[in-house]
Amino acid sequence: MTGNRPRLLDLFSCAGGAGWGYHLAGFQVDGCDTAARPNYPFAYHRGDALEYLDRLTTTGDIHQYMLLHASPPCQAGCALTIGTNTSQGWGGTHQDLVTATRRLLDATGLPYVIEQPNGRAPIRKDLTLCGEMFGLGVIRHRNFELGRWNTPTPAHRRHRGYVRGYRHGIYRDGPYVAAYGEGGGKATVPEMQQAMGINWTDVHEELTEAIPPAYTRWIGTAFSTARQEVLV
């Protein structure tokens with residue numbers, strides 16, 4: 001605890017979409033990513049996330065945290081890799097870091113969250129969240145495996161229409177923007193910022209990879225609620 005805020009470690013943090021949601025849920029957030037992330041809005045360690053987690057666990061410093069979040073790269077299992085890219089013969093060999101991440105998270109003895117996009121990443125889908133659940137301008141389905149804690153899954157609301165842009169040569173308008181790639185009616189940087197509720201970075205690559213903060217705000221609040229119920 002720092003002041004009145006429990007601490008959370010945000011691994012593979014990118015620009016902080018997940019971290020900002022946990023901040024809104026009442027956590028003090030520390031991030032770790034292998035790339036330079038000058039826009040990350042919280043304390044930040046640049047380095048290999050798994051090596052950092054292993055070191056914190058070995059030294060016992062991991063116990064300054066109440067909850068751990070990890071968004072490991074898993075291009076080998078994401079929907080784009082196993083779908084369009086594979087069918088077109090694009091891309092190369094991708095490493096699966098999910099299994100190694102889970103092993104190290106389990107070794108901490110602490111509750112954790114592993115996040116992945118839709119696809120064949122080897123995680124339990126304890127939660128699946130969608131932008132429509134939070135009234136956002138993106139769909140951006142994300143799956144979450146919960147370690148050492150649990151919470152009921154919210155109902156998946158019916159989508160209100162199409163994602164704006166071209167699909168198979170046909171343009172469709174709709175209430176959601178495509179927050180990935182460029183061209184073909186996909187979202188501009190300002191549109192992505194507004195649709196996901198992110199205003200601290202205007203880097204296109206960071207926005208295309210970001211988790212909408214509303215998702216982890218919901219998860220952080222659910223964790224705090226579950227913990228209070230256990231303490232009572």
Taking side chain as C-beta onward, heavy atoms only, is Pro154 less than 4.5 Å from Leu127?
-> yes
Output the distance between atom CE (Met66) and atom CG (Leu110), rounded to the nearest 0.5 Å.
-> 10.0 Å
From Ile123 CD1 over to Thr99 OG1, what is the distance, rounded to the nearest 0.5 angstrom?
-> 11.0 Å
Phe42/Trp20 aromatic ring centres below 6.0 Å | yes
If you look at every heavy atom in Leu207 and Gln193, which pair is closest and at what distance?
-> CD1-CG, 3.9 Å
Residue list, side-chain contact (heavy atoms from CB on, under 4.5 Å) with Pro152, at least two apart or on another chain | none
What pairs meet the salt bridge (charged side-chain N to carboxylate O under 4.0 Å, His left out) rule with one or both residues in residues 133-144, with sequence neighbours excluded?
-> Glu115-Arg142
Check ion pair Arg160-Glu132 (N to O, under 4.0 angstrom) = yes
In the hydrophobic clustering that connects Ile, Leu, Val, Met, Phe, Trp and Tyr at side-chain heavy-atom distances below 4.5 Å, which members other than Val163 occupy its cluster, ordered by chain and number?
-> Ile139, Tyr176
Parallel, tilted or perpendicular: rings of His141 and His156 (30°, 60°) | perpendicular
Taken to the nearest 0.5 Å, the spacing of Gln194 CD from Leu136 CG works out to 11.0 Å
Any pair counted as salt bridge (charged side-chain N to carboxylate O under 4.0 Å, His left out), so long as it reaches residues 43-67, sequence neighbours left out | none
Rounded to the nearest 0.5 Å, how far does CZ of Phe27 lie from CG of Leu9?
-> 12.5 Å
Within residues 147-158 or reaching into it, pairs that qualify as salt bridge (charged side-chain N to carboxylate O under 4.0 Å, His left out) - sequence neighbours excluded = Asp106-Arg148
For Glu206, what residues pass the side-chain hydrogen bond (donor to acceptor under 3.5 Å, both in side chains) criterion, not counting sequence neighbours?
-> Arg37, Asn39, Thr201
Judged by modelled atom types alone, do Asn118 and Asn143 share a side-chain donor-acceptor pair under 3.5 Å?
-> yes
Enumerate the residue pairs fulfilling salt bridge (charged side-chain N to carboxylate O under 4.0 Å, His left out) with a member in residues 172-198, sequence neighbours excluded, ordered by first and then second residue.
-> Arg164-Glu191
With sequence neighbours left out, the residues meeting side-chain hydrogen bond (donor to acceptor under 3.5 Å, both in side chains) with Tyr40 are Asp10
His63 to Thr108 - nearest heavy-atom pair and separation = CE1-O, 3.6 Å
Taking Tyr215 for the side chain and Gly131 for the main chain, is one N or O donor matched with an acceptor at less than 3.5 Å?
-> yes
In Å, rounded to the nearest 0.5 Å, how long is the span from NE2 of His23 to CZ of Arg5?
-> 5.0 Å
Regarding His69 and Tyr22, is there a side-chain donor-to-acceptor distance under 3.5 Å anywhere?
-> yes
Not counting sequence neighbours, which residues clear side-chain hydrogen bond (donor to acceptor under 3.5 Å, both in side chains) with Asp33? List them please.
-> none
Out of curiosity, does Phe12 fall in the hydrophobic cluster containing Leu68 (side-chain heavy atoms, cut-off under 4.5 Å, transitive links)?
-> yes
Separation of Asp30 CG from Tyr44 OH (nearest 0.5 Å) = 12.5 Å
Name all residues meeting the ring pair (Phe, Tyr, Trp, His ring centres under 6.0 Å) criterion together with Tyr52; count only those two or more places apart in sequence or in a different chain, and write none if there are none.
-> His45
For Ile170, the hydrophobic cluster (side chain heavy atoms closer than 4.5 Å, chained through members) also holds none
Residues at least two apart in sequence or cross-chain that pass side-chain contact (heavy atoms from CB on, under 4.5 Å) with Ala100, listed by chain then number, are Leu50, Arg103
Considering only heavy atoms from C-beta outward, does the side chain of Asp126 approach that of Thr153 to under 4.5 Å?
-> no
